[in-house]
Amino acid sequence: MRVLVIGSGGREHALAWKIAQSPLLTKLFIAPGNGGTGAVAENVAIDITDHKAVTDFCLSQAIDFVVVGPDAQVVAGLGDDVRAAGITCFCPSKAAGQLEGSKGFTKALCDEMDIPTAAYGRFDSEAAALAYLYVQGAPIVIKADGLAAGKGVTVAMTVEEAEAAIVDCFAGSFGASGAEVVIEEFMEGEEVSLFVLCDGADILPLTTAQDHKRAFDDDTGPNTGGMGAYSPAPVMTREIYEDVLERVIWPTVKGLAARGTPYQGVLYAGLMLTPDGPKLVEYNARFGDPETQVMMLRMESDLLPLLHATATGTLSGHNAQWKDQYALTVIMATEGYPGSYGKGSEIKGAEGIDSDTIHVFHAGTRRDGERLLAAGGRVLNITALGETVKEAQERAYAGVDQIVWPEGFFRRDIGWREIARAES
């Protein structure tokens, strides 16, 4: 197969790294890629928001299969346009991708299919949203309805904080994504993610992970796209897992199919393990970033046929094998992220770290001759395997400590919840 991966982040580097190992692969391209992806694929300078440019490239290069990484391209309907050109594509339809593109769409589906989730209100005016807030009080969760690169959610512990978040949304901080606001009850519990492949009718559950959204140690600071993750997440017991499949995943798959918009792709369910059982926090309609990095390091199976079977409705009979180890990733980000940050600082020491137990996935990097430069907010993902979360954590931070980048920062406590549980 000749394959094109769409995207430039750590998620896409991890997907390309894994796909590159497939015996089914004859040629791998990545558009646009980053400073690290050239080691496993040919970087292609295409504007991925220009769907015709993407399909023209596919046709000119006889691409057999396209794998779409980023949420913005899912929601923009790139998958539909690639399929319309006669090319097989791993990407939900634009209609089904609303699971991520609109919080309100997902909440309405939860109502329709009786999927457990937080109580909520959905508003298209600041006045109505504020009125609802004053009745509900705090703590409470404010979400921009559309895509906001992981930054459109405020977990407000005071009414004043919630007020400011609502005003921000309607003032245009998130552009069109904040034109509607979803206000949810604050759910007490621990968050965990479950990833499931779905071909429109059948599902193949993959694995679990736990992300770390806050920018700084001790889960403080602003929300980010994710500062680290580990997999699997033992807090998701077999009993909880079966409950989630029955009450969350299957009703979603059946509900979308019944609407005439079957879901083909990866379902990324963000879950809260509450005293009343697991509840859906949100869906993402693509692989997680940074969860993909830890998943790919643990995956024993060939990824390519699993993605292709998902895209062609032939998932039945497939399964996925995993290393009986933990993987943990630490994100190195540019100072200032998730706010404004500089670009172009040099990174040294990122080469030569990779081994059987550790891999450096690139995100916001670019090459300038022999030099490696930072070109984004989240820049490097140092990802390691271990027999325990603690061992994976120690190996990942040993890798981090080899990198010389004064303009970068990272959390020192990725995996803390599970390490604390294991040591208690």
Side-chain angles (χ1 to χ4, degrees), residues 1 3-6 11 15 19 24 51 54-55 58 63-102 105-115 193-207 241-242 244-271 280 282-288 292 295 299 301-320:
M1 257 189 275
V3 179
L4 170 65
V5 173
I6 298 288
R11 162 185 49 222
L15 290 170
I19 290 168
L24 300 177
H51 295 189
V54 173
T55 55
C58 291
I63 298 296
D64 301 298
F65 188 40
V66 177
V67 177
V68 176
D71 48 8
Q73 275 58 56
V74 171
V75 172
L78 178 58
D80 293 342
D81 290 338
V82 170
R83 283 184 287 268
I87 301 153
T88 305
C89 185
F90 178 87
C91 180
S93 66
K94 184 174 184 177
Q98 288 181 87
L99 272 184
E100 176 160 13
S102 168
F105 173 90
T106 300
K107 286 295 192 181
L109 182 70
C110 288
D111 287 347
E112 181 184 324
M113 300 304 295
D114 200 25
I115 296 167
S193 301
L194 175 65
F195 294 84
V196 180
L197 293 177
C198 177
D199 72 356
D202 284 310
I203 66 169
L204 174 61
L206 294 177
T207 189
Y241 164 84
E242 298 290 354
V244 169
L245 290 184
E246 182 184 342
R247 298 174 62 220
V248 179
I249 303 298
W250 274 118
T252 302
V253 172
K254 290 173 180 175
L256 288 172
R259 289 179 172 194
T261 55
Y263 190 93
Q264 283 184 269
V266 62
L267 273 175
Y268 162 8
L271 303 156
L280 182 69
E282 64 180 8
Y283 269 125
N284 294 301
R286 38 74 194 180
F287 281 107
T292 305
M295 290 165 60
M299 184 178 260
S301 303
D302 186 348
L303 177 65
L304 187 51
L306 297 180
L307 299 183
H308 195 265
T310 300
T312 54
T314 56
L315 197 52
S316 178
H318 285 270
N319 57 51

### Query
For Asp199, what residues pass the side-chain contact (heavy atoms from CB on, under 4.5 Å) criterion, not counting sequence neighbours?
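side-chain contact (heavy atoms from CB on, under 4.5 Å) check on Asp199 returns Ala201, Asp202, Leu315.
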### Thr310 (side chain) donor-acceptor with Gly265 (main chain) under 3.5 angstrom
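Side chain of Thr310 to backbone of Gly265: no pair is present.
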#### Entry: side-chain contact (heavy atoms from CB on, under 4.5 Å) evaluation trace for Leu256 with Leu99
CA-CA 10 Å; Leu256 288 172; Leu99 272 184; 3.7 Å; yes
Specify the closest pair of heavy atoms between [X] and [Y], including all atoms of both residues, with the distance to one decimal.
X: Ile87; Y: Cys58; value: CD1-CB, 3.3 Å
X: Val75; Y: Gly101; value: CG2-CA, 3.7 Å
X: Ile249; Y: Ile203; value: CG2-CD1, 4.1 Å

Between [atom1] on residue [X] and [atom2] on residue [Y], distance to nearest 0.5 Å:
X: Trp250; Y: Leu245; atom1: CH2; atom2: CG; answer: 8.5 Å
X: Asn319; Y: Leu306; atom1: CG; atom2: CG; answer: 8.0 Å
X: Cys89; Y: Ile63; atom1: SG; atom2: CD1; answer: 11.5 Å
X: Leu267; Y: Leu204; atom1: CG; atom2: CG; answer: 12.0 Å
X: Met113; Y: Arg247; atom1: CE; atom2: CZ; answer: 13.5 Å
X: Leu307; Y: Thr312; atom1: CG; atom2: OG1; answer: 10.5 Å

### Task
List the steps, then state whether side-chain contact (heavy atoms from CB on, under 4.5 Å) holds for Leu4 with Val54.
CA-CA 10 Å; Leu4 170 65; Val54 173; 4.3 Å; yes
### Task
State, yes or no, whether a side-chain contact exists between Leu280 and Leu271 at a heavy-atom distance under 4.5 Å.
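In short, these two side chains touch, coming nearer than 4.5 Å.
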### Query
Would a 4.5 Å heavy-atom cut-off, applied to side chains only, mark Val74 and Asn284 as touching?
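SC-SC contact between Val74 and Asn284 ruled out.
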In chain order, what residues pass the side-chain hydrogen bond (donor to acceptor under 3.5 Å, both in side chains) check against [X], with sequence neighbours excluded?
X: Ser193; result: none
X: Ser316; result: none
X: Thr252; result: Tyr283
X: Ser301; result: none

### Task
Would you list the pairs meeting ring pair (Phe, Tyr, Trp, His ring centres under 6.0 Å) in which at least one residue belongs to residues 63-82, sequence neighbours left out?
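Sorted result for residues 63-82: Phe65-His308.
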### side-chain hydrogen bond (donor to acceptor under 3.5 Å, both in side chains) contacts touching residues 258-269 (sequence neighbours left out)
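Found Glu112-Arg259, Tyr268-Glu291.
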### Query
Applying side-chain hydrogen bond (donor to acceptor under 3.5 Å, both in side chains), which residue pairs with at least one partner in residues 75-89 are found, sequence neighbours left out?
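The answer is His51-Asp81, Asp80-Arg83.
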### Query
With sequence neighbours left out, what residues match Glu246 under salt bridge (charged side-chain N to carboxylate O under 4.0 Å, His left out)?
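Checked Glu246 against salt bridge (charged side-chain N to carboxylate O under 4.0 Å, His left out); zero matches.
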### Query
Residues two or more places apart in sequence or in another chain: which of them pass salt bridge (charged side-chain N to carboxylate O under 4.0 Å, His left out) with Arg286?
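Once residues adjacent in sequence are excluded, the partners of Arg286 under the salt bridge (charged side-chain N to carboxylate O under 4.0 Å, His left out) criterion are Asp71, Glu100.
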Determine all donor-acceptor pairs shorter than 3.5 Å in which one atom belongs to a side chain in residues 90-98; sequence neighbours excluded.
residue : atom : partner : partner atom : Å
Ser93   : OG   : Ala96   : N            : 3.0
Gln98   : NE2  : Ala95   : O            : 3.1

